[in-house]
Amino acid sequence: MLSNIEIIVLLTLLSVILFVVGVPVLLVFSNWAIGFSLFASRLPVQNIAIVPYEQLNSFPFAAIPLFITLGALINEFGISRDIINFTRSFAGRLPGSTANTALYTCAVFSAITGSNSATTASVGKALQPELEKENYDPDFAAATIASGGTLGIIIPPSVLFILYGITFSVSVTDLFLAGLVPGLFMLGGLSVVSSYLSYSRGYGRESETTSLVNVVRSAWDANVAIFAIVILLGGIYAGFFTPAESASVALAYLLVAGAAGKQIKSVGQLWNVLLSAVVLTGVIIPVFITSAMVQQGLSYLGLQDVIANAVIGLQHPILIGLGMVLIMLFTGSVLASVPNMIITAPLLAPAAAHLGLSPIMWGVIFMISDAIGFITPPYGLNLYIISGITDLDYTTVARAALPYLATLTAVWIFFFTFPGANPFP
């Protein structure tokens with residue numbers, strides 16, 4: 001008869017093997033969580049059903065499918081070109097005008113969809129061909145878009161901030177507010193790198209002149225998307241709506257605007273929107289549930305205390321911070337964003353509190369590390385997405401993204417070291 005420790009070791013080894021050979025993370029985590037509940041703990045079998053119910057029985061969770069549907073509607077309406085023209089009206093004067101336009105377009109899409117994958121895919125399909133036509137190196141163009149996609153979970157509203165707030169019982173609205181300044185710093189850093197590399201390598205066409213008239217005109221052309229952002233963020237920050245209510249109002253506005261502007265031409269369009277939203281929601285929620293079950297198992301084993309004590313045991317704040325950075329870089333590079341958030345964030349939370357970080361600021365700092373993982377091999381989800389869209393080799397795109405990766409890491413370390421630089425912690 002195997003002991004509980006032996007069962008846990010076997011379950012963990014099996015899960016690692018499944019992960020390495022490419023089995024989807026949902027099945028890997030399900031294997032460990034269900035096996036642990038059935039054979040290696042005193043938790044009742046009913047716990048396998050109780051955890052999903054308790055995790056999903058939360059009103060803020062209603063915002064997630066609504067945000068996903070908003071992004072699907074934007075794509076279906078085909079107004080991405082209006083957004084691109086708007087961002088080009090002020091980013092076009094920078095060196096590497098189209099590369100910077102791609103980054104600023106990613107920021108606008110992030111403020112609508114709250115998703116890194118949706119942002120990367122939408123901007124990649126719209127601007128990668130244009131970048132290549134203007135003689136940008138294809139790998140650099142793809143790396144620029146993938147790096148811009150990291151803004152999707154930092155610039156509010158963010159689906160992962162919602163999941164974080166629900167999981168760790170902190171205010172989603174406060175997380176949105178606290179993510180705004182770091183998100184803008186990330187955008188600024190990416191833009192500086194893009195401008196420098198484009199100028200030094202002679203990428204793209206000449207910088208364009210711009211004027212207030214062009215900005216206003218292009219903003220009016222993109223008024224549907226811009227007003228949706230105003231409703232989303234304005235309603236939340238003004239205290240009129242919760243994130244879920246704000247998403248509902250913005251969704252209703254988009255449907256009315258789409259009908260009035262004749263972007264909605266058939267019921268089939270709405271069906272496509274709902275189908276894509278259901279599929280993406282169906283991908284996120286099961287991973288969230290199984291990750292929560294794994295985290296429960298790790299807490300049951302006391303692993304959280306072991307890791308927290310080991311990191312805090314380094315004693316000096318610099319060593320504690322360095323230990324946390326190394327752990328976050330590793331887990332962010334090998335785990336998907338949702339499992340990484342649910343499993344790693346609570347393990348390091350006591351060390352973050354020891355350093356004097358508020359729960360809100362710790363959530364933002366961890367989410368930035370999670371975002372960096374989107375362009376960090378071997379996982380690097382955004383790299384896989386853009387590689388799939390462009391048929392470019394994953395490793396060459398990852399290599400081209402290194403300057404952006406270094407810049408995002410610098411922004412992350414800055415806010416980790418100086419959390420007071422964020423006026424909304």
Side-chain angles (χ1 to χ4, degrees), residues 80-111 113 116-152 154-155 183-210 214-215 218 222 371-372 374-376 380 382-411:
S80 58
R81 181 52 55 181
D82 292 333
I83 296 175
I84 291 170
N85 291 337
F86 169 62
T87 57
R88 189 186 291 279
S89 69
F90 53 85
R93 67 183 304 173
L94 299 171
S97 59
T98 305
N100 277 290
T101 297
L103 291 173
Y104 284 85
T105 302
C106 284
V108 175
F109 266 91
S110 299
T113 66
N116 67 289
S117 55
T119 296
T120 302
S122 298
V123 179
K125 291 176 183 177
L127 281 175
Q128 178 75 16
E130 187 171 338
L131 286 161
E132 293 187 24
K133 188 182 298 182
E134 295 181 16
N135 298 319
Y136 286 85
D137 179 80
D139 295 330
F140 171 79
T144 299
I145 295 170
S147 301
T150 62
L151 301 170
I154 304 299
I155 290 181
L184 293 177
F185 267 70
M186 291 168 66
L187 174 60
L190 293 173
S191 183
V192 169
V193 171
S194 174
S195 299
Y196 172 76
L197 293 178
S198 296
Y199 178 79
S200 61
R201 298 175 183 179
Y203 289 153
R205 59 195 183 193
E206 294 295 324
S207 301
E208 304 170 10
T209 58
T210 187
N214 288 335
V215 173
S218 60
I372 290 172
F374 292 138
I375 56 171
T376 306
N382 286 12
L383 300 175
Y384 278 109
I385 291 172
I386 200 66
S387 296
I389 292 172
T390 60
D391 291 327
L392 294 171
D393 180 68
Y394 171 89
T395 56
T396 58
V397 177
R399 193 177 301 115
L402 288 177
Y404 293 119
L405 177 61
T407 301
L408 292 177
T409 302
V411 172

Can you name the one residue among Asp137, Asn100, Leu103 that meets side chain to side chain contact (heavy atoms under 4.5 Å, CB included) with Thr144? Leu103
The reported gap from OG1 in Thr396 to CG in Leu383 (rounded to nearest 0.5 angstrom) is 10.0 Å
For the pair Ile145 and Gln128, evaluate side chain to side chain contact (heavy atoms under 4.5 Å, CB included) and give the outcome as yes or no after the intermediate values. CA-CA 8 Å; Ile145 295 170; Gln128 178 75 16; 3.6 Å; yes
Go through the steps for Tyr203 and Asn135 under the test side chain to side chain contact (heavy atoms under 4.5 Å, CB included), then give the verdict. CA-CA 6 Å; Tyr203 289 153; Asn135 298 319; over 6 Å; no
Quick one, Leu197 and Pro403 - any side-chain contact, counting heavy atoms below 4.5 Å? yes
Could you give the distance from OG1 (Thr87) to CD1 (Ile83), rounded to the nearest 0.5 Å? 8.5 Å
How about Phe90 and Phe86: are their ring centroids closer than 6.0 Å? yes
Full working for side chain to side chain contact (heavy atoms under 4.5 Å, CB included) between Tyr104 and Leu94: CA-CA 12 Å; Tyr104 284 85; Leu94 299 171; 4.2 Å; yes
Side chain of Ser194, backbone of Leu190: donor and acceptor closer than 3.5 Å? no
Run the side chain to side chain donor-acceptor pair (under 3.5 Å) check on Asn214 and Ser89 step by step: do they pass? CA-CA 6 Å; Asn214 288 335; Ser89 69; over 6 Å; no
Would you sort out whether Arg88 and Thr98 count as a side chain to side chain donor-acceptor pair (under 3.5 Å), showing the intermediate values? CA-CA 7 Å; Arg88 189 186 291 279; Thr98 305; 3.2 Å; yes
Any Ser198 side-chain heavy atom under 4.5 Å of Phe140 side chain: yes
Would you give the length of the straight line joining atom CZ of Arg399 to atom CG of Asp139, rounded to the nearest 0.5 angstrom? 8.5 Å
Taking the side chain as C-beta and beyond, is there a heavy-atom pair between Thr376 and Leu405 under 4.5 Å? yes
Atom SG in Cys106, atom CG in Asn382: separation rounded to 0.5 Å? 8.5 Å
How far apart are the C-alpha atoms of Ile375 and Leu408, what are their side-chain angles, what is the distance that settles it, and do they pass the side chain to side chain contact (heavy atoms under 4.5 Å, CB included) test? CA-CA 10 Å; Ile375 56 171; Leu408 292 177; 3.8 Å; yes
So, do Leu392 and Ile386 sit near enough that their side-chain heavy atoms are less than 4.5 Å apart? no
